[in-house]
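To keep things clear, I will list the structure first and then write my remarks on it.
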Amino acid sequence: MLRSVWVDYARKGDPDVIFVGRLRDGEPAALVVRGFRPYFYVEAEDGFDPSRLEDLSGVVRVEEVERRHPYSGERVELYRVEVTYPKVVPKLREQVKELDGVKEVYEADIPFVRRAAIDLNVPPASEIDVSGLEEGSWSGLPAYFADAEEARELDHRPYPLDELVVASFDIEVLAEPGTTTKESSGPVISISFSYRTPDGERKNYVFTWKGEEAEFTVDGVETEVVVCESEAAMLREFVERFRRVDPDVVFTYNGDEFDLPYLKRRADRLGVDVDGLARPPGKRGIVIRPGAARQASDIFGRAHVDLYHTAQKNLKLERFTLEEAVRDVLGVDKEELELDEINEAWKRGDLEKLFRYSAEDAHYTLELGLELAQVELELSYLTRLPLPDAVRFSFGQLAEWRALYLARREGILAPNKPSRDEYERRRREAYKGAIVFEPEIGLHENVVCVDFASLYPNVMVHHNISPDTFDCDCCPEVTVEEADDPAEATVTPSVGHKFCRKREGFFPRLVKRLIKRRREYKARLREVDPDEEPKKYKLLDVRQQAYKVLANSYYGYMGWANARWYCRECAESVTAWGRYYIRKVREIAEEKYGLKVVYGDTDSLFLKLPDADLSETIDRVKEFLEYVNERLPVELELEDVYERILFVTKKKYAGYTTEGKIVTKGLEVVRRDWAPIARETQRRVLKRILEDNDPDAALKEIHRVLDRLRSGEVDLDELAVTSQLTKRPSEYVQKGPHVRAALRLARRLGTEPEPGTIVRYVIVRGPGSVSDKAYPVELAREEGKEPDIDYYIEHQILPAVERIMKALGYSRSQIVGETTSQKTLDQFMG
DNA sequence: GCGGACTGCTTACCT
DNA sequence: ACAGGTAAGCAGTCCGCG
């Protein structure tokens, strides 16, 4: 059993495909697959002479093959052009396109290793049964050899990450003033390194070249500070120790953009060889691939997992720093060292604290990885993408790669990516999405929330919505009104698109399988006691999550302008059926069960039974659910029961569940572009109203904050608004406060703010517009700027609390006024 | 010349 | 950069007024 973590191909001779990993007994090893070559497809006019392809230099073989067309589903005749080497594909592709009689070239843009993992059906991150294969060695590693046909027969399965040697590292550098981390080349002052073996052995290291050797523990793990002669010696020591630990998976936080490229740059400058990081040693240790948006950095023979991507995709944070991610996932308040603090501590020789923080960085990066990365491995397995790439890819890309894999298996030709023009054209064709019902504004008691389980995936499956079933020639038009069962209809309500009922579509089949497998995992999950077997439980849970995430991605995928299988009519039909079902159940709830819909969004309804208590309401809702679930192909479920719930506008509400949990959606409390003081005040007001049912106490909260603000004892941090730049400052048509603040900060640092930069700013006292008065927090503090208290009262606190109190029927004067009228909440209950 | 109404740009949320 | 629907702030312009 080889637990593979990495795939590459031999750069000399034939392009053998090499999977690197570790055997179950602990030995590093490789699987070498011979006899698989790059290829692409050519569609040509009748009478095209294939020898013209064979004559091109680099072409090994041309074969006539039959595939299924991705849109019509019909057979297409193609030439499969097999070539010598991955590098020749781009050139040949262009040459072939120029030939007379060639209509189109397909699948010529799929990187060779990914192509190989798909075609050989060997998931790059999986446990592969290599028993019985020819044994030998490859570049000094024990190796198993298979030809392409043998490889396709190998058994494989996903494995638990912590059964491998996992490690993490993080570097601290002295940044030169006025440079961004991207271009800085100041010295690396320390490297922290943390690892864990499958039998639970753990250790942290800090490698440095100043200060004193020391030992301490971080979170109970032994930590050693190793002081080297020089920076170069430190780099060599790190490489050596890393090599001896020999990790399979290496976690970093932003290693793609920072730690790995920086390390490489610095090592190159000092003449230190980092190729020892590779497995086997001697390969290129750090491989940097420039990307359109972000660059990728890999370590040969190991899986570099940059958790920054994982955090961005899976967590909802205000700022995506390691500290925030660690707090959110592990509940640990790790302190952050500012850039100048690092500089200062290093220069002063005040190093103890520095080393401790540095050790914590690697330690918690590893902890974070152990917590978050398993789902990435499952997604890597399902998409056949190498683990480091699966981590970097968006959900849309992951959905596409799974489709590419299954298309290959089913003999379906993959559509090409759209040209720039086509992409722009697609972007302009908007379509209707979900429906949001008007909320009954105000406070309600005993409200039950119901929602459809995986509405869009199920709609796709039940209505056979797919690029290859759209507008078929074989089925009659049957509208939902004509059909006995909605699932019998071929025509989508509201938009009128027709989908085939005779042949199952590619996407419905794909999504159905994901749903089915997920259901199986969930069933197995119910058999496991999380207290008895926490590891097993977690693994199964992560697995079902991966299936769910993927299944949920296909609706959005079909409407994505960049998708190979783009199908606007499909996406449009999914939302149309969604609207049909939610309207249908709303009608049944109201007309047949007397349940009032006080709000609803896309796939959910908030229901209330007038003049009834909680248990009556729940009983009625259950009867209703049973009725609709017997009659519709999609399943409606009871989601939450609210003791009290306040609807403010569409997409903004807050409720208190019978389980004692406050749920807040869309309100300022959950928005990072509102000042903490406004959010906190709104939170308190909501708590008073929902939990205590006491609006007077809510008013008192408001007055207390207003007093505190006026007294001037509020820290700038409480006033800081967080906002993100989505483009370069110069590209803005309208330079709002966050742009102006970013520009002020950039001017001070002598840099240009990049898209994605997160700005924290305050509005200070002075003349001009709000933007004129927006300063980054650091700058405002440094320059002793006073916050504009009137702004914060009028534009932050009051709007936030007014929205709540107005929904309860309070007027502005009642909110601001010193005395409050004694209105009771009951007057405003619907 | 003033001020409210309105529009467009922008962000961050919901499902 | 997987989708569309939505609220809301700020900047700038429009428009009516007499």
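Below, chain A is the first sequence line, B the second, and so on; all start at residue 1. Values below: all heavy atoms of this structure, side chains included; hydrogens, waters and symmetry mates excluded.
Side-chain rings of A/Phe506 and A/Trp565 approach one another, their centers coming within less than 6.0 Å.
In this entry the distance linking CZ of A/Arg579 with P of C/dG4 reads 12 Å, nearest Å. For the pair A/Tyr431 OH and C/dG4 P, the interatomic distance rounds to 5 Å; values are reported in whole Å. Atom NZ in A/Lys735 sits roughly 14 Å away from atom C1' in C/dG12 (whole-Å rounding). The nearest whole Å value for the distance from the CZ atom in A/Arg392 to the P atom in C/dA1 is 16 Å. One can place CD of A/Gln312 at 12 Å from P of C/dC2, the figure rounded to the nearest angstrom. Counting to the nearest Å, the C1' atom of B/dC9 and the CZ atom of A/Arg740 are 16 Å from each other. Protein atom NE2 of A/His738 is 12 Å distant from nucleotide atom P of C/dA11, rounded to whole Å. The CD-P distance, from A/Glu668 to C/dA8, rounds to 7 Å in whole Å.
Across all strands shown, A/Tyr732 has heavy atoms under 4.0 Å from sugar-phosphate atoms exclusively, and none from any base. Note on A/Trp565: nothing from the nucleic acid sits closer than 4.0 angstrom, heavy atoms only. Contacts of A/Gly433 with the nucleic acid, taken as non-hydrogen atoms under 4.0 Å apart, involve only primed sugar atoms and P, OP1 or OP2. Nucleic acid contact class of A/Ser553 (heavy atoms, under 4.0 Å, all strands): base. Within 4.0 Å of A/Lys727, counting heavy atoms only, lie sugar-phosphate atoms of the nucleic acid but no base atom. A/Gly559 comes within contact range of the sugar-phosphate backbone alone, with a heavy-atom separation under 4.0 Å but no base atom that close. Using a 4.0 Å heavy-atom criterion, one finds that A/Asn562 contacts the sugar-phosphate atoms exclusively.
Inspection of the A/Tyr599 and A/Glu440 side chains reveals no N or O donor paired with an N or O acceptor under 3.5 Å. Side-chain contact of A/His309 with A/Asp256: a donor-acceptor pair under 3.5 Å is present, judged by distance alone. In this structure, a donor-acceptor pair under 3.5 Å is absent between the side chains of A/Asp601 and A/Ser604.
A/His795 is linked by a ring pair (Phe, Tyr, Trp, His ring centres under 6.0 Å) to A/Tyr791, counting only residues two or more places apart in sequence or in another chain. Checked against side chain to side chain donor-acceptor pair (under 3.5 Å), A/Lys727 has no partners two or more places apart in sequence or in another chain.
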Short heteroatom pairs, N/O only, protein and nucleotides 12-15 of chain B, under 3.5 Å:
unit_1: B/dA12; atom_1: OP1; unit_2: A/Arg672; atom_2: NE; d: 3.0
unit_1: B/dA12; atom_1: OP1; unit_2: A/Arg672; atom_2: NH2; d: 3.1
unit_1: B/dA12; atom_1: OP1; unit_2: A/Gln724; atom_2: N; d: 3.0
unit_1: B/dA12; atom_1: OP2; unit_2: A/Arg672; atom_2: NH2; d: 3.4
unit_1: B/dA12; atom_1: O4'; unit_2: A/Arg671; atom_2: NH2; d: 2.9
unit_1: B/dA12; atom_1: N3; unit_2: A/Arg671; atom_2: NH1; d: 3.3
unit_1: B/dC13; atom_1: OP1; unit_2: A/Val670; atom_2: O; d: 2.8
unit_1: B/dC13; atom_1: OP1; unit_2: A/Arg672; atom_2: N; d: 3.1
unit_1: B/dC13; atom_1: O3'; unit_2: A/Gly666; atom_2: N; d: 3.4
unit_1: B/dC14; atom_1: OP1; unit_2: A/Gly666; atom_2: N; d: 2.8
unit_1: B/dC14; atom_1: O2; unit_2: A/Lys651; atom_2: NZ; d: 2.9
unit_1: B/dT15; atom_1: OP1; unit_2: A/Tyr653; atom_2: OH; d: 2.8
unit_1: B/dT15; atom_1: O3'; unit_2: A/Asp601; atom_2: O; d: 3.3
unit_1: B/dT15; atom_1: O3'; unit_2: A/Asp603; atom_2: OD1; d: 2.0
unit_1: B/dT15; atom_1: O3'; unit_2: A/Asp603; atom_2: OD2; d: 3.4

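Comparing A/Ile435 and A/Asn552 along DNA chain C, the residue whose closest nucleotide (by nearest heavy atom) sits nearer the 5' end is A/Asn552. For A/Asp772 and A/Ala430, each mapped to the nucleotide of DNA chain C holding its nearest heavy atom, the one lying further toward the 5' end belongs to A/Ala430. Both A/Gln734 and A/Val739 sit near DNA chain B, but only A/Gln734 has its closest nucleotide nearer the 5' end.
The residue from A/Tyr580, A/Phe470, A/Tyr581 that alone fulfils the ring pair (Phe, Tyr, Trp, His ring centres under 6.0 Å) condition with A/His463 is A/Tyr581. With A/Phe499 as the partner, the side-chain contact (heavy atoms from CB on, under 4.5 Å) test is satisfied by one option alone out of A/Thr492, A/Asp468, A/Val491: A/Thr492.
When the side-chain nitrogen and oxygen atoms of A/Arg803 are compared with OP1 and OP2 of C/dG9, one or more of them lie within a distance under 4.0 Å. When the side-chain nitrogen and oxygen atoms of A/Ser771 are compared with OP1 and OP2 of C/dC10, none of them lie within a distance under 4.0 Å. For C/dC10, one of the phosphate oxygens OP1 or OP2 lies less than 4.0 angstrom from a side-chain nitrogen or oxygen of A/Tyr791.
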